[in-house]
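Presented below is the structure to which this report refers.
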Amino acid sequence: MTAIFKPEGQLFRATEHAGGPWSPDMLQGSATTGLMTRDVARLAAESGFAVRRLTFDLWRPAGLRLFRTVAELLRDGRKAKTLQVRLMDGETEIGRCTALLTASSAESPLDPFTRPAAIDAAPEAGSPPPAFAQKWSRYFQNVSVRLIEGALEKPGPAAAWMRLDAPLVEGEPNTPLIQAVQAADFASGVAQIVDMRDWTFINPEISLYFFRPPEGEWILIRAATRVGANGAGLTTATLSDRSGPFAEVMQAMSFERREARQAQAS
């Protein structure tokens with residue numbers, strides 16, 4: 001199976017399978033966030049610290065070209081470390097990940113006030129989306145989806161298991177962390193509340209907060225979107241694996257009616 005990226009020395013070439021929903025020649029957000037996550041995972045493993053927060057700022061559209069990542073340790077503490085990974089298109093920075101890592105403790109306190117999480121239906125019990133919904137993007141065609149609540153083709157909250165089947169980088173397995181990050185980018189799509197023929201909606205950033213490491217290949221997204229004033233919105237999601245919830249996601253949304261966007265372009 002063709003990978004999303006192919007390594008060329010220290011660079012990574014995006015294949016046609018990296019194409020996103022707004023243009024087949026522009027990368028899916030999951031592809032860019034996944035590529036930056038590789039460096040975070042490597043640095044976390046070297047330090048022995050746990051990944052607690054990942055914040056991605058997606059500054060510029062990314063075409064199907066060669067990319068490189070530049071990692072830097074911003075703060076090296078005994079209890080917490082801060083990293084940044086920059087995604088470069090030539091000399092242009094098109095995105096950045098800021099990661100918080102924390103030292104692990106031997107045990108966690110008991111929480112008597114939180115209700116036990118409900119057991120979700122397994123991905124094997126879910127239903128695939130309609131074929132036309134799976135064609136949102138070239139990237140999405142490489143993602144297995146099993147819905148257990150709601151529908152991708154209808155507005156409203158939904159819950160869906162997802163698994164990236166193609167290797168993010170050729171020759172490398174997709175780790176649970178990469179599966180989680182690439183799935184999180186679909187939260188706004190899972191919880192979309194508008195007709196995509198009438199509106200565009202983008203998330204120029206995404207943040208994930210982990211309270212334990214993810215496990216396995218399948219990631220469940222349970223997402224909802226709220227709309228505020230002047231085109232602003234917020235998507236929130238809980239990420240789970242077969243053992244239960246492990247992270248919360250927040251995406252700042254920006255909505256624009258298509259006719260307004262077309263008028264500005266003319």
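- Contact of the V145 side chain with the P128 side chain is not registered, since no non-hydrogen atoms from C-beta on lie closer than 4.5 Å.
- Here the side chains of T33 and Q182 are not in contact, with every heavy-atom distance at 4.5 Å or above.
- Taking both residues in full, the closest heavy atoms of K135 and Q141 are given as CA-NE2, 4.1 Å, listed atom of the first, atom of the second, then distance.
- Atom CG of L110 has 12 or fewer heavy atoms from other residues, nucleotides or ligands within 6.0 Å.
- Donor-acceptor pairing under 3.5 Å is lacking for the side chains of T15 and T2.
- Counting only heavy atoms from C-beta outward, the side chains of F210 and L177 approach each other to under 4.5 Å.
- Between L147 and P129, some side-chain heavy-atom pair lies under the 4.5 Å cut-off.
- Using a 4.5 Å cut-off on side-chain heavy atoms (C-beta onward), R96 and V85 make no contact.
- By the ring-ring contact (aromatic ring centres under 6.0 Å, His included) test, F140 is found to be paired with W136, F186, residues two or more places apart in sequence or in another chain being considered.
- Between V70 and M88 there is a side-chain heavy-atom pair separated by less than 4.5 Å.
- For the residue pair E170 and P7, the shortest heavy atom distance occurs at CB-CD, 3.9 Å.
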| query | Run the salt bridge (Lys or Arg N to Asp or Glu O under 4.0 Å) check on R38 and E172 step by step: do they pass? | reply | CA-CA 10 Å; R38 290 176 67 257; E172 297 181 8; 2.8 Å; yes
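- With contacts defined as side-chain heavy-atom distances shorter than 4.5 Å, the pair R212/S243 qualifies.
- L66 and Y139 are members of different hydrophobic clusters when ILVMFWY side chains are connected at heavy-atom separations under 4.5 Å.
- Put simply, the side chain of W218 reaches to within 4.5 Å of the side chain of R146, judged on heavy atoms.
- Between the CG atom of N174 and the CG atom of D165 there is a distance of 8.5 Å, given to the nearest 0.5 Å.
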| request: Before giving the answer on salt bridge (Lys or Arg N to Asp or Glu O under 4.0 Å), spell out for R222 and E248 the whole-Å C-alpha distance, their side-chain angles and the decisive distance to 0.1 Å. | output: CA-CA 10 Å; R222 187 177 296 278; E248 298 291 330; over 6 Å; no
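- Rounding to the nearest 0.5 Å places OG of S47 at 5.5 Å from NZ of K81.
- One finds the CD1 atom of I206 at 7.5 Å from the OG atom of S30 (value rounded to the nearest 0.5 Å).
- Shown here for G63 and L27, the closest heavy-atom pair between the two residues is O-CD1, 2.9 Å.
- Contact between F49 and A103 at its shortest, heavy atoms only, is CD2-N, 3.4 Å.
- W59 and V181 fall into different hydrophobic clusters, where Ile, Leu, Val, Met, Phe, Trp and Tyr side chains are chained together by heavy-atom contacts under 4.5 Å.
- For the 3.5 Å distance criterion, the side chains of Q84 and T98 fail to qualify, holding no donor opposite an acceptor.
- The cluster map of Ile, Leu, Val, Met, Phe, Trp and Tyr, joined by side-chain heavy atoms under 4.5 Å apart, puts L234 and L208 in different clusters.
- Salt bridge status for E93 with R60: absent, with no side-chain N to carboxylate O gap under 4.0 Å.
- A distance of 12.5 Å separates CD of Q28 from CZ of R138, quoted to the nearest 0.5 Å.
- Minimum heavy-atom separation, V190 to A223: CG1-CB, 4.4 Å.
- Side-chain N/O atoms of S207 and T55 include a donor and acceptor closer than 3.5 Å.
- Using a 4.5 Å cut-off between side-chain heavy atoms of Ile, Leu, Val, Met, Phe, Trp and Tyr, with links allowed through other members, L101 and L73 fall into the same hydrophobic cluster.
- One finds the CD atom of Q10 at 8.5 Å from the OG1 atom of T69 (value rounded to the nearest 0.5 Å).
- Atom CZ of R42 sits in a crowded spot, with more than 12 heavy atoms from other residues, nucleotides or ligands closer than 6.0 Å.
- Taking both residues in full, the closest heavy atoms of T32 and A62 are given as CG2-CB, 4.3 Å, listed atom of the first, atom of the second, then distance.
- D89 CG to R68 CZ: the interatomic distance, rounded to the nearest 0.5 Å, is 10.0 Å.
- Note on I221: it clusters hydrophobically with V249, by side-chain heavy-atom contacts below 4.5 Å among ILVMFWY residues.
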